[in-house]
Amino acid sequence: MHHSADPSQDPLRHTLLEDIQGLSIGVFFCALGLQFLTHLGFLTGQTAGLALIIAYLTGWPFGAVFFVVNLPFYWLAWSRMGLNFTLRSLGCVTALSLLTEWLPGHLVLAEVTPALGMVIFGCLVGAGLLILFRHKGSLGGLGVTALLIQDRTGFPAGYVQLLFDGALFATAAFLFPAQVVLYSLLGAVVLNFVIAFNHRRDRYIAT
């Protein structure tokens, strides 16, 4: 079968409108999932987890902390993934930061059992991230750094992220009750399973 050399004619290529709606829905799912997480006072991995620890310990708003924590990663994203990916990631992070501050005033959660809350969190954020990946966006942070380390040293990006999360949860174990850390780990496992089973890296690659 003959395929056009013009990428704009690629039937798998998303239009700008498709990308905007996809990125918007992906960010909304992630913000909704984080609403369950923060309602329960639990943690997660990656840069969102780092931002949550800082927010819980200082009382600063998560949205603002998450935005600032991600700032150093944008120049890495630019050099590793290009301007288009960097701008999309900046837009997604900014939108998530704003949404996580706006949602609690419009969606008040009453009672959610911890285990169910973390399954909901993992499924929503996992689905949201998959949509972002599909539309060449991200929530910035550690993933880009891990790819850069892999480029420079050959050390697998997945292991970089795993080591970071391991250190993050080990630190959390000294700062928060054991129950908080254990339920948080459940959410992280669900989230990572959703990504692992559904992300087609061969088809959706940020460029």
Side-chain angles (χ1 to χ4, degrees), residues 14-78 80-110 112 117-118 120-145 161 164-165 168 172 184 187-188 190-191 194-195 199 204 206:
H14 297 293
T15 65
L16 178 61
L17 184 61
E18 287 172 341
D19 281 338
I20 290 171
Q21 66 83 31
L23 294 172
S24 300
I25 292 170
V27 168
F28 179 70
F29 277 17
C30 290
L32 200 56
L34 283 165
Q35 175 83 339
F36 283 87
L37 185 76
T38 53
H39 171 74
L40 291 166
F42 294 156
L43 302 159
T44 188
Q46 310 292 299
T47 44
L50 178 61
L52 274 172
I53 289 178
I54 295 171
Y56 287 150
L57 294 179
T58 62
W60 296 339
F62 166 77
V65 176
F66 181 66
F67 183 83
V68 172
V69 163
N70 270 292
L71 288 177
F73 297 100
Y74 292 121
W75 73 270
L76 288 176
W78 195 338
R80 173 60 174 76
M81 311 294 276
L83 180 61
N84 184 37
F85 174 80
T86 304
L87 291 176
R88 289 179 188 224
S89 298
L90 176 59
C92 289
V93 168
T94 303
L96 184 73
S97 298
L98 294 171
L99 259 180
T100 52
E101 296 307 312
W102 179 83
L103 264 179
H106 300 269
L107 175 66
V108 180
L109 299 175
V112 184
M118 294 315 289
I120 293 171
F121 157 77
C123 289
L124 280 172
V125 176
L129 288 172
L130 286 169
I131 296 171
L132 293 183
F133 297 157
R134 181 169 182 166
H135 292 274
K136 296 185 166 74
S138 80
L139 291 176
L142 185 65
V144 175
T145 308
Q161 298 191 72
F164 179 88
D165 281 352
L168 193 73
S184 298
V190 173
L191 169 57
V194 171
I195 298 291
H199 185 32
Y204 302 119

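- The shortest non-hydrogen separation linking Leu43 to Ala172 is CD1-CB, 3.5 Å.
- Atom CZ of Phe29 is surrounded by 12 or fewer heavy atoms from other residues, nucleotides or ligands within 6.0 Å.
- Counting heavy atoms from C-beta on, the side chains of Leu32 and Leu107 come closer than 4.5 Å.
- Atoms CZ and CG, from Phe36 and Leu34 in turn, are 11.5 Å apart once rounded to the nearest 0.5 Å.
- Taking CG from Leu50 and CG from Asp165, the interatomic distance works out to 10.5 Å, rounded to the nearest 0.5 Å.
- For the residue pair Val194 and Gly122, the shortest heavy atom distance occurs at CG2-O, 4.1 Å.
- To the nearest 0.5 Å, atoms CD1 (Ile131) and SG (Cys30) are separated by 8.0 Å.
- Rounding to the nearest 0.5 Å gives a distance of 12.5 Å between CD of Gln46 and CG of Leu52.
- Trp102 meets the side-chain hydrogen bond (donor to acceptor under 3.5 Å, both in side chains) test with His106; sequence neighbours excluded.
- Between Arg88 and His135, the shortest heavy-atom distance links the atoms NH1-O, 2.9 Å.
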Item to check | Residue pair Phe73, Leu90: steps toward the side-chain contact (heavy atoms from CB on, under 4.5 Å) verdict | outcome: CA-CA 10 Å; Phe73 297 100; Leu90 176 59; over 6 Å; no
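- The side-chain heavy atoms of Met118 and Val190, taken from C-beta on, include no pair separated by under 4.5 Å.
- What you find for Gly63 and Ser97 is that their closest heavy atoms are O-OG, 3.1 Å.
- Atom CG of Leu96 sits about 10.0 Å away from atom CD of Glu101, to the nearest 0.5 Å.
- Tyr56 places no side-chain N or O within donor-acceptor distance of the main-chain N or O of Phe62, the cut-off being under 3.5 Å.
- Counting heavy atoms from C-beta on, the side chains of Leu98 and Thr94 come closer than 4.5 Å.
- At most 12 non-hydrogen atoms from other residues, nucleotides or ligands lie less than 6.0 angstrom from CZ of Phe28.
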Checklist entry - After noting the C-alpha distance and the side-chain angles of Leu37 and Val125, does the key distance pass the side-chain contact (heavy atoms from CB on, under 4.5 Å) rule? => result CA-CA 10 Å; Leu37 185 76; Val125 176; over 6 Å; no
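- With rounding to the nearest 0.5 angstrom, the OG atom of Ser89 is 13.0 Å from the CH2 atom of Trp78.
- Contact record, Leu40 with Val112: CD2-O, 3.4 Å, taken as the closest heavy-atom pair.
- Shown here for Thr47 and Phe66, the closest heavy-atom pair between the two residues is OG1-CE1, 4.1 Å.
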